[in-house]
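Numbered from 1 within each chain, the chains take letters A, B, ... in sequence-line order.
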2 protein chains.
Amino acid sequence: MSELDLETIAVAVAPAEKYREFLATKSLRMTRERAIIVDEVFASHEHFDADQLIQRLARRSDGKRVSRSTIYRSLKHLEEAGLIRKIARQDDRDLYEHDYGYPQHDHLICNRCGTLTEFHNEQISELLEQIARDHGFRIEGHRTEVYGLCDNCCRPPVTRPKKLNLL
Amino acid sequence: MSELDLETIAVAVAPAEKYREFLATKSLRMTRERAIIVDEVFASHEHFDADQLIQRLARRSDGKRVSRSTIYRSLKHLEEAGLIRKIARQDDRDLYEHDYGYPQHDHLICNRCGTLTEFHNEQISELLEQIARDHGFRIEGHRTEVYGLCDNCCRPPVTRPKKLNLL
DNA sequence: GTCGTTGCAAAACTTTTGCAGTTCA
DNA sequence: TGAACTGCAAAAGTTTTGCAACGAC
């Protein structure tokens, strides 16, 4: 099984604080709603889409509800602030992941079960840098999505005929 | 300036013919509309989105109009048939490019002007193969998008303030 | 007090779908 | 002839926006 082999990197300030700084630079305000959202976004390291975040916020027992519009508006901010980034589209929705306090990485995406596996490879980054240089291009970021079948899905089905279990 | 340094590869059959074969395998029919669409899609090698294709078809002087629904339906077929593929999202629309008669490649995408520059690098493919192997993952394809500023956009602006011209 | 912000409902947009009539094989 | 196809209009689904009330600084 492929395990997550990346580690969280040390960050100078918490996401909420970084968000606050970002807001300050644009003369925007840290509101109750924005605090709730950045909290919830960084409460779990899973990738998520807008709808899932809306669900998670609706499920909170503390009644800290935030409207759909505000969530969409905040996702834009968080992306602009470099706290999260879009990684792909899945089921016609934009998928986000943490971009702050987490090293650059790419994804293996299973065409059958949708599982995302993260990986990091420095050589690829170096090659891309080289290629960009050759084209007079200044890299700000990249996204590599590898599609195919994950470990689980390219094995023969685990639910074999009973007969085989007896062999 | 970065020029397109990829060449069209020889293909055994024309796109329209390949489409016909695909349709045959699914007991579908080659209709007047489908012929018009595959023709128009392969008339130019530029990447495009559904709306642009609709515009191009609407602009045809021969009056070969095709409805929006049929175009969307055909794009799905063409993708499934391996004739085109989605390369990214731009302006909230799926962007397509030719996938038949054209070698695998990736893109440098300018964050400012949106220009797409194609490149191909075999070493990256090999690295990805290696990484996939390590994870028990079977690659079916990949997409690498490099974001940043293209050659043009990372130079100082050519249209300077008038004052500077007088210095 | 001044703006920025929120929530709501409505709008905007791309893409999909149901259906009646049409066409291909 | 019959199943597949088209075009239309309507629907679906996500994301955005106008606006009046509200809240941060």
(message) Please check if the number of heavy atoms outside Q52(A) that lie under 6.0 Å from its CD is greater than 12.
(response) yes
(request) Kindly state each residue pair satisfying side chain to side chain donor-acceptor pair (under 3.5 Å) with at least one member in residues 21-32 of chain A, sequence neighbours excluded. (result) K26(A)-E80(A)
How close or far is atom [atom2] of [N] from atom [atom1] of [X], stated in whole angstroms?
{"X": "L57(A)", "N": "dG7(C)", "atom1": "CG", "atom2": "P", "value": "10 Å"}
{"X": "L28(A)", "N": "dT6(C)", "atom1": "CG", "atom2": "C1'", "value": "14 Å"}
{"X": "L23(A)", "N": "dT6(C)", "atom1": "CG", "atom2": "P", "value": "10 Å"}
{"X": "D49(B)", "N": "dC13(C)", "atom1": "CG", "atom2": "P", "value": "14 Å"}
{"X": "Q52(B)", "N": "dT14(C)", "atom1": "CD", "atom2": "C1'", "value": "14 Å"}

(message) Would I36(A) and R65(A) count as a side-chain contact (heavy atoms from CB on, under 4.5 Å) here? Give the steps.
(response) CA-CA 9 Å; I36(A) 294 172; R65(A) 197 69 58 92; over 6 Å; no
(request) Give, ordered by number, those residues of residues 73-93 of chain A having at least one heavy-atom distance below 4.0 Å to an atom of DNA chain D; if nothing qualifies, reply none. (result) R73(A), K76(A), R89(A), D92(A), R93(A)
(message) Which residues pass the ring-ring contact (aromatic ring centres under 6.0 Å, His included) test with H107(B), not counting sequence neighbours?
(response) H105(B)
(message) Quick check on the helix from dG1(C)-dC25(D) to dA25(C)-dT1(D): what's the angle between its two end axes, five base pairs per end, to the nearest 10°?
(response) 40°
(request) Anything under 4.0 Å to a heavy atom of chain B counts; send over the first and last such nucleotide of DNA chain D, read 5' to 3'. (result) dG2(D) to dA9(D)
Check: protein-nucleotides 22-25 of chain C nitrogen or oxygen pairs below 3.5 Å:
residue: dC24(C); atom: O2; partner: R29(B); partner atom: NH1; Å: 3.1

Pairing residues for [X] by the side chain to side chain contact (heavy atoms under 4.5 Å, CB included) criterion, not counting sequence neighbours:
{"X": "R68(A)", "answer": "D51(A), I54(A), Y72(A)"}
{"X": "A81(A)", "answer": "F22(A), L83(A)"}
{"X": "R73(B)", "answer": "S69(B), T70(B)"}

(request) Looking at every strand, decide which applies to D94(A) at a 4.0 Å heavy-atom threshold: base, sugar-phosphate, or nothing. (result) sugar-phosphate
(message) Just to be sure I understand the rule, does R68(B) reach a base, reach only the sugar-phosphate, or reach nothing, if contact means heavy atoms closer than 4.0 Å?
(response) base
(message) With a 4.0 Å cutoff (strictly under), does any side-chain N or O of S69(A) reach OP1 or OP2 of dG7(C)?
(response) no
(request) With sequence neighbours excluded, give me every salt bridge (charged side-chain N to carboxylate O under 4.0 Å, His left out) pair touching residues 135-149 of chain A. (result) R143(A)-E145(A), R143(A)-E145(B), E145(A)-R143(B)
(message) Given 3.5 Å as the limit, does a donor-acceptor pair link the side chain of H98(A) with the main chain of S44(A), or not?
(response) yes
(message) Less than 4.0 angstrom from a charged side-chain N to a carboxylate O is my criterion; do R85(A) and E79(A) meet it?
(response) no
(message) Going by side-chain hydrogen bond (donor to acceptor under 3.5 Å, both in side chains), name the residues that satisfy it together with R56(A), two or more places apart in sequence or in a different chain.
(response) E40(A)
(message) Quiz question: by atom type and distance under 3.5 Å, do the side chains of Y102(B) and E118(B) form a donor-acceptor pair?
(response) yes
(request) Each residue besides L116(B) in its hydrophobic cluster should be listed here, by chain and number; the cluster joins Ile, Leu, Val, Met, Phe, Trp and Tyr at side-chain heavy-atom distances under 4.5 Å. (result) I87(B), L95(B), I109(B), Y147(B)
